[in-house]
Amino acid sequence: MTGAANLRGQLYDFRRRHGRSATSRKMARGIRALGVYSGDVVIAHTSLRKVGKVRGGPEALIKALRKAVGSKGTICMPAHSYGHEDPIFYSGPVPELSDVERMRAAVAPFDPRTSPTTGMGVVAETFRQLPGVRRSPMPLGIAALGPAAEYITATQSLDDPQGLESPVGRIYALGGKALLIGVKLDRDTTLHVAEALANTPWQRRGRVHLTSGWTDYTARLNCGNSFWRIEPVLHERGLITYGRVGRARSMCISVRDSVDLAAQLLMSEPGYFLCTVGTCHACDAARPRAQSGM
Ligand SMILES: [Zn+2]
């Protein structure tokens, strides 16, 4: 780490410890300023750490989101839960069969009522446990609260978990907004709907442990690590609003605008969202098909 980066880190920590706390009222004001209105359907991806000191913790940020959309609005958050896949489908070196059996025996079934979210942040993990919150039935799920929650989360297929007939597809159909609080566009799960619209040709096979047993599926590749590529294009076209929620740099985008634009980009360049060569096993496997235009 350079001296300047180190100093910036220290300053950041100092402000986090000693700066003014964000309250749910102040955060709701920041969320409204990003273009979130009463009655909206919003999917929020959050980093509470980036918001800084928050009076009331993750619940206060959830309260702020609910305040911004009001009783007629619906709040959604990602509720992905990893670690339920059959180890035979892990990328990297293939383990010995006896090891696979042992690893498989240790894989807990995914249960939407109890399985914790993985890597979604403390706000999403708190949200999915709140009374009244509904969660879609598959590991790449969405949790939602509000009048549209039942419609959004009711069904989800393993073979097309993020397509048009999925929770994120319904957020797109409802004209929802994606709110990114302290995180970048690589976290915006709604952009996977664009891959379905553009019918990207790569698929992956897998097997997941559900409460009903081990279940095989074939689904579209869902690496979103390079979704950040679309940010300058959205910005150039005036389709992204920037602001702050607490200390967190935040963005708000209409899901229709971003998904339709991403679909256009994918149709003219199928590999638009593939990660750089050699950095991602899944994208490297998909690349030959993108290049052949199949
Ligand atoms: Zn990738």
Side-chain angles (χ1 to χ4, degrees), residues 43 45-47 77-95 110 117-121 124 138-142 156-164 166-169 171-172 178 180 182-208 216-235 240 251 253 255 258-294:
I43 176 159
H45 297 266
T46 59
S47 164
M77 292 199 193
H80 299 185
S81 182
Y82 301 113
H84 309 284
E85 293 280 326
D86 188 326
I88 199 84
F89 289 100
Y90 287 170
S91 54
V94 180
F110 170 74
T117 58
T118 319
M120 302 289 113
M138 293 299 158
L140 286 178
I142 293 292
Q156 187 174 26
S157 94
L158 263 185
D159 295 314
D160 197 15
Q162 293 169 317
L164 284 164
S166 75
V168 281
I171 295 169
Y172 167 79
L180 300 149
V183 296
K184 297 194 175 151
L185 268 132
D186 54 352
R187 305 301 291 272
D188 183 2
T189 48
T190 63
L191 286 170
H192 288 298
V193 180
E195 296 165 333
L197 280 174
N199 199 20
T200 49
W202 32 82
Q203 296 200 308
R204 62 188 178 92
R205 285 173 55 229
R207 187 183 297 131
V208 70
D216 290 295
Y217 65 86
T218 305
R220 202 176 300 280
L221 168 80
N222 62 345
C223 177
N225 290 343
S226 298
F227 281 166
W228 54 267
R229 287 210 174 110
I230 202 172
E231 187 185 339
V233 191
L234 285 165
H235 179 57
I240 188 161
M251 300 176 242
I253 319 154
V255 173
S258 57
V259 166
D260 290 347
L261 177 61
Q264 274 175 31
L265 293 166
L266 282 169
M267 280 186 241
S268 56
E269 188 189 335
Y272 188 79
F273 286 129
L274 294 182
C275 298
T276 312
V277 178
T279 62
C280 171
H281 182 81
C283 289
D284 281 349
R287 188 164 287 101
R289 298 202 68 179
Q291 283 162 349
S292 69
M294 284 169 68

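Order of appearance sets the numbers: ligands from 1, and atoms from 1 within every ligand.
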query = Which heavy atom of Pro167 sits nearest a heavy atom of Pro161, and at what distance?
reply = CD-O, 4.2 Å
inquiry  = Applying the side-chain contact (heavy atoms from CB on, under 4.5 Å) criterion to Val193, which one of Ile171, Leu164, Asp260 satisfies it?
reply    = Leu164
Qualifying residues under side-chain hydrogen bond (donor to acceptor under 3.5 Å, both in side chains), relative to Tyr217, sequence neighbours excluded = Glu85, Arg204
Whether Asp186 side chain and Gly224 backbone form a donor-acceptor pair below 3.5 Å = no
ask   = By ring-ring contact (aromatic ring centres under 6.0 Å, His included), which residues pair with Phe273, not counting sequence neighbours?
value = Phe227
ask   = Which side chain to side chain donor-acceptor pair (under 3.5 Å) pairs, counting each pair once, include a residue from residues 267-277, with sequence neighbours left out?
value = none
query = Counting only protein atoms, how many N/O/S atoms are less than 2.8 Å away from the Zn ion (ligand 1)?
reply = 4
